[in-house]
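Encoded as structure tokens, the structure appears first; notes follow it.
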Amino acid sequence: MEETIKTFETLNDTTVKENGTYYLPPYIFWYVSLANAVIFILGVTGNIFVLTVVITNKAMKTHMNILLCSLSVADLLVLLICQPAGMIEFYGKDRWFLGQTLCKLIPFLENASLNSSVITMWVISCERFQAICRAMQNSSCVGTVTAGKSILCIWIAASAISLPFVFLTHQEPAKFYDGSDVMVCRTKIETSLHQFYIVLLFFTCFVLPLIVLTVIYCFILRTIYLSQRLDENRPSRHRKQIVAMIIAIIALFYISLFPIRIIALWSVFGSTESKESLGLVNYTNIISIARILMNLNSAGNPVIYGLISSKFRKAFKRTLRKCFCMAEKSSPDIGNTRRYSDYNENLQVCPFMHAGYCCHNYGAEDTDLQEVNN
């Protein structure tokens, strides 16, 4: 949780004040609420859909796609746990209502999720480098088990790196602007060792991966360019799409996370006067926009998959065709009760639809939706 301005009375006159009470302009609540609602709905739906597509389509269970599922899980943790907690804190005007345990757990989960995303992108990029720059095909031993072990190692490393937030974050009493006693959640950076950890985290989990990933993809793009000129061992269209997709994921991640990372450093090393000089309105706008961008990163990956990868597009369409089977195609007519019962055991509930829709339980090779009442 970012450190916030604690003494409202010292803020400049850009804050709206009525009868001794400080208010934020209504437009802040409108755009913060609308943006977070859209991101939450699209992000949760999109990431669950990605998991469903990979899990239910045998052809999609590749090593890289399983790693992408790890990204989706990380994004869902941010959207389902960290984003709602941040919104509760926003509407509560910095007051914390969720207790000591969640005060410690949520910053840890937020950072663990983001760090696991960085490590996952690193692993996927190294894999792409091996496959394209060294012309190594994915061997049969690189399968679900290996991907599962990779994901386990990624999350253990990300959790270990983020563990200090459990000890740095505390729920503590504070004075609200009206003089009442409230509880707030603070990440306390009080010693030089704490500051060293924050700086080390910034460089090892943000700056260094960016440098390494940039170098890797420079080599990959150079290899693709040279192979096209020489017309030898030219990478397939599918491999080019994978490279473009991963570059887009990395670009979205760094563009979205850069503001919140810089603000975190400013919160630690900036003076109280520099924060107070902004005023409550400007400060709240900066923090809110940075958090919206961070949450946008968790909602953007499924869109990237659908826009760039033809395999994901086809798998999305195939799954949607199964899910959006209309009720009249599966529901029995009055005189058709016996035939419906014959097919009843083959129907399964689609995770995105209410009782009026159904999915048919087809094999991995089926691509066309079949009617139940044919």
Side-chain angles (χ1 to χ4, degrees), residues 38-39 41-76 78-79 114 116-133 137-138 142 147 151 209-210 212-228 234-258 293-321 323 352 367:
V38 172
I39 289 171
I41 294 170
L42 293 180
V44 171
T45 304
N47 283 294
I48 291 177
F49 195 50
V50 169
L51 292 174
T52 303
V53 165
V54 175
I55 291 171
T56 59
N57 288 273
K58 184 177 180 180
M60 295 297 291
K61 290 181 182 179
T62 64
H63 186 268
M64 195 196 75
N65 287 348
I66 294 173
L67 290 175
L68 292 180
C69 284
S70 178
L71 280 181
S72 290
V73 170
D75 292 338
L76 284 172
V78 172
L79 293 170
L114 296 176
S116 73
S117 296
V118 172
I119 300 173
T120 301
M121 289 187 292
W122 203 337
V123 172
I124 293 174
S125 300
C126 290
E127 210 174 74
R128 291 297 91 202
F129 176 81
Q130 292 288 333
I132 293 177
C133 294
Q137 301 291 335
N138 288 332
V142 180
I151 291 172
L210 176 61
V212 173
L213 291 171
T214 301
V215 172
I216 287 175
Y217 281 98
C218 283
F219 276 107
I220 289 175
L221 293 175
R222 177 178 176 273
T223 301
I224 292 175
Y225 173 74
L226 291 177
S227 64
Q228 288 178 330
R234 179 178 296 184
S236 66
R237 177 171 172 266
H238 174 58
R239 283 192 172 184
K240 292 177 185 178
Q241 286 182 346
I242 292 176
V243 171
M245 184 176 71
I246 302 303
I247 290 176
I249 292 171
I250 293 170
L252 174 66
F253 180 87
Y254 277 94
I255 292 171
S256 302
L257 271 293
F258 181 75
L293 286 173
M294 185 188 77
N295 294 330
L296 180 63
N297 169 70
S298 298
N301 287 342
V303 177
I304 291 174
Y305 304 157
L307 289 177
I308 298 179
S309 173
S310 59
K311 283 195 173 182
F312 262 103
R313 278 200 303 276
K314 291 176 182 177
F316 286 160
K317 291 176 182 177
R318 184 163 57 247
T319 303
L320 283 173
R321 281 199 300 267
C323 289
F352 296 103
T367 57

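We're numbering straight along the sequence, starting at 1. The structure displayed is predicted, hence computed values, not measured ones.
The shortest distance between side-chain heavy atoms of Val243 and Leu221 falls below 4.5 Å. Contact check for Asn297 versus Leu257: side-chain heavy atoms found under the 4.5 Å cut-off. Between Asn47 and Leu51 the shortest side-chain heavy-atom distance does not fall below 4.5 Å.
Listed here is the closest heavy atom pair of Ser125 and Ile220: O-CD1, 4.3 Å. Scanning both residues, Leu76 and Gly43, for their nearest heavy atoms gives CD2-O, 4.5 Å. When all heavy atoms of Pro302 and Ala299 are compared, the pair lying nearest together is CD-O, 3.6 Å. Of all the heavy atoms in Ile124 and Met64, the pair that sits closest is CG2-CG, 3.8 Å. Counting all heavy atoms, side chain and backbone alike, Asn295 lies closest to Ile39 at O-CG2, 3.4 Å.
For the 3.5 Å distance criterion, the side chains of Asn301 and Asp75 qualify, holding a donor opposite an acceptor.
Counted within 6.0 Å of OH on Tyr217, heavy atoms from surrounding residues, nucleotides or ligands total more than 12; the atom is thus considered enclosed.
Note that the CG atom of Asn65 and the OG1 atom of Thr62 stand 3.0 Å from one another [nearest 0.5 Å]. A distance of 11.5 Å separates CG in Leu293 from OG in Ser298, rounded to the nearest 0.5 Å. For the atom pair CG of Leu79 and CD1 of Ile41, the computed distance is 11.5 Å after rounding to the nearest 0.5 Å. Here the CD1 atom belonging to Ile48 is positioned 10.0 Å from the OG atom belonging to Ser72, to the nearest 0.5 angstrom. Going from atom CE of Met60 over to atom CD1 of Ile66 covers 10.5 Å, rounded to the nearest 0.5 Å.
Side-chain atoms of Asn57 come within 3.5 Å of backbone N or O of Val53 as a donor-acceptor pair. A side-chain donor-acceptor contact under 3.5 Å links Lys61 to the backbone of Ile55. Listed for the Tyr254 side chain is a donor-acceptor partner under 3.5 Å among the backbone atoms of Leu210.
Under the side chain to side chain donor-acceptor pair (under 3.5 Å) criterion, Ser256 pairs with no residue at all, not counting sequence neighbours. Shown here are the ring-ring contact (aromatic ring centres under 6.0 Å, His included) partners of Phe316, two or more places apart in sequence or in another chain: Phe49, Phe312.
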Only pairs under 3.5 Å count here: list side-chain donor-acceptor contacts from residues 245-253, not counting sequence neighbours, and write none if there are none.
none

